[in-house]
Trainee: 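My structure is below; once you've seen it, I'll send some questions.
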Amino acid sequence: MTTVYLIEEYEHHIPENIKKALLFCSKVADEANIPIFLIGGIVRDIIISRKNFDVDITVQGNAVEFAKLVQEKCPGICQVKEIHDAFKTAKIQFILNDNGDECVKIDLASTRKESYPCPACLPVIEKIGCELYEDVIRRDFTINSMALSLNQNSFCQLIDYLSGYSDIHQGLIRILHHNSFIDDPTRIIRALKFSVRFGYKLDDETQKLMHECLNSRRFDNLAGERVKLELKQALNINNAEVLTRFINENIYRLVDTELEIPPNIDDLSKKCEQTVKENMGFLYTDENIWLIYLGVLLLSRETLEKLYMSNQEQEIVINADMLAQKKHTLASAKTRFEVYEFFEKSRIESILAFLTKNYDLKDKVDLYLNELQDITLSINGDTLIKMGMQPGPNFGKLLREALRAKINGKIITHEEEIEFAKSF
Ligand code: CTP
């Protein structure tokens, strides 16, 4: 096997501040004679020239002790931020300049050997501080199982026991052993995520094992929050292919084996992607795109709870369906205010999920998003008191009617609002 060094790739794709922090780690590791490696996603992303700021180091030994050692040897620069003694993992933080804005966070893990006590259970640790090879073979795909040496005598040497480098160049997602999906079915969603993100194919055997796992329906022990995390990352890519394949390849069974499959999933997925792209400006964050996709599916409250979704996340998804159920109200809305009333209590994500399935009402949705949602009154309760009115339930009624008049274009200016209030 030829030895590959990724010195140029490292130089080009690792940001300067991260390189500085890694150099500190490297020196401490050399002094203490501890092998340390960049591992997993960051190595994959260096090879494919993709930015990745999640720095994962694996320490062949005890990562907690190593973290403390780096803190001790780099006083004022490195601090241990978190320690998980059971897993022997730690988080350290480097502050590389005086004003403290050049900050690098690094996750340190000890090499570990794991096994799965039952299908879809969380793994148990068999050994900490094992050989790198044992740490690597517990992982998901060949493209995520490469390590890059950080010790000076082998700096940037690629450790690639399972041909991840060649799989990257062939665009292949390949699991490492037959039981990988049975052990951890969330890897099926990860395979979908990486496949769509990078445009890679699942190799034939991996594809076959994925189907076998999905047909087995052995997901009783699967933790909902892990499924949620992977689903969120996959759907947040905002690519129609994720939803289409999620349904067509039966991956939805991980979420709800009884899911009612929407007809024309291909069209629906494309509409969803397009809707999100066209309306991105209305979203406060792109972290919630996945909720729009889930809003398009008919997921029950029970399923959402099983995924450990927060109340707000659940409301967004359920509300999309509630809007759809009373769509006739919107269809028959004659005034601008009726359109406003239909959407006013909904989050943008629910509205976009509704739009995806109801393109015939696009004009009204666009009207709400582009104009109506931003209309507010310039008068409020205080204004009315200053005008000499007695506070009471009528205030609410008056302000609501003023808003109706304003949204319907009957009043426009502040003075007109005041006049409206006087005449109410
Ligand atoms: N991993 C795994 N099985 C999982 C999740 C993660 O084997 N179910 C391993 C993989 O080696 C992965 C590493 O843990 O590379 C880190 O996981 P994570 O941070 O979730 O993934 P990344 O590969 O960094 O992917 P992303 O770019 O999406 O963050």
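In each ligand, atom 1 is the first atom listed, and ligand 1 is the first ligand listed.
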Trainee: K364 side chain to A331 main-chain N or O, any donor-acceptor pair under 3.5 Å?
Mentor: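 Confirmed, K364 side chain pairs with A331 backbone.
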
Trainee: Please determine whether ring pair (Phe, Tyr, Trp, His ring centres under 6.0 Å) holds for the pair Y5 and F155, giving the CA-CA distance in whole Å, both sets of side-chain angles, and the decisive distance to 0.1 Å.
Mentor: CA-CA 8 Å; Y5 289 88; F155 196 72; 9.6 Å; no

Trainee: Classify the contact between I42 and ligand 1 as side chain, backbone, both or neither, using a heavy-atom distance cut-off of under 4.0 Å.
Mentor: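 For I42, there is no contact with ligand 1 at all, from either part.
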
Trainee: Less than 4.0 angstrom from a charged side-chain N to a carboxylate O is my criterion; do K68 and E65 meet it?
Mentor: no

Trainee: Indicate yes or no: does K105 engage D54 in a salt bridge with an N to O separation below 4.0 Å.
Mentor: no

Trainee: Where the closest heavy atom to atom 7 (O) of ligand 1 is concerned, which of V136, D140, I189, I175 has it?
Mentor: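 The option holding the nearest heavy atom is D140.
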
Trainee: Distance under 4.0 Å to a non-hydrogen atom of R197: what atoms of ligand 1 satisfy this?
Mentor: 26 (P), 27 (O), 28 (O)

Trainee: Is there a nitrogen or oxygen of R187 sitting under 3.5 Å from a nitrogen or oxygen of ligand 1?
Mentor: yes

Trainee: Under 4.0 Å from a heavy atom of Q233: give me the atoms of ligand 1 that qualify, with their elements.
Mentor: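 Those atoms are 28 (O).
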
Trainee: Could you check whether K228 pairs with E313 (Lys NZ or Arg NE/NH1/NH2 to Asp/Glu carboxylate O, under 4.0 Å)?
Mentor: yes

Trainee: Report the member of R226, R139, R44, R190 with the shortest heavy-atom distance to atom 1 (N) of ligand 1.
Mentor: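 Comparing heavy atoms across R226, R139, R44, R190, the nearest one to atom 1 (N) of ligand 1 lies in R190.
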
Trainee: For atom 8 (N) of ligand 1, grab the closest protein heavy atom and report residue, atom and distance to one decimal in Å.
Mentor: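 Nearest protein contact, heavy atoms only, for atom 8 (N) of ligand 1 is D184 OD2, 2.8 Å.
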
Trainee: What protein heavy atom lies closest to atom 24 (O) of ligand 1? Include the residue and the distance to one decimal.
Mentor: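 For this ligand atom, the closest protein heavy atom is G41 CA, 3.7 Å.
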
Trainee: Is K327 close enough and on-axis enough to F354, meaning under 6.0 Å and within 45°, for cation-pi?
Mentor: no

Trainee: For F282, is there any backbone N or O sitting under 3.5 Å from a side-chain donor or acceptor partner on N279?
Mentor: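 Checked: no pair found.
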
Trainee: Taking 4.0 angstrom as the limit and counting only heavy atoms of T186, give me the atoms of ligand 1 inside it, by number and element.
Mentor: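 This gives 8 (N) as the contact atoms.
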
Trainee: Applying a heavy-atom cut-off of 4.0 Å, say which part of N144 lies close to ligand 1: side chain, backbone, both or neither.
Mentor: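 Both backbone and side chain of N144 come within 4.0 Å of ligand 1.
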
Trainee: Within the 4.0 Å heavy-atom shell around G40, which atoms of ligand 1 are there?
Mentor: 15 (O)

Trainee: Would you check whether K193 reaches within less than 4.0 Å of ligand 1, judged by its heavy atoms?
Mentor: yes

Trainee: Do you know which of D204, D203, D167 makes side chain to side chain donor-acceptor pair (under 3.5 Å) with R174?
Mentor: D167

Trainee: What part of E230 sits under 4.0 Å from ligand 1 if we count only heavy atoms: the side chain, the backbone, both or neither?
Mentor: neither

Trainee: What residue among R197, R50, K51 forms salt bridge (Lys or Arg N to Asp or Glu O under 4.0 Å) with D45?
Mentor: R50

Trainee: Report yes or no: does a heavy atom of F141 sit under 4.0 Å from some atom of ligand 1?
Mentor: no

Trainee: Which protein heavy atom lies closest to atom 29 (O) of ligand 1, and at what distance to 0.1 Å?
Mentor: D54 OD2, 4.2 Å

Trainee: Any idea how Y165 and H169 line up, ring-wise: parallel (<30°), tilted (30 to 60°), or perpendicular (>60°)?
Mentor: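 Ring orientation of Y165 relative to H169: perpendicular.
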
Trainee: Starting from atom 19 (O) of ligand 1, locate the nearest protein heavy atom and write down its residue, its atom name and how far away it is, to 0.1 Å.
Mentor: D56 OD2, 4.6 Å

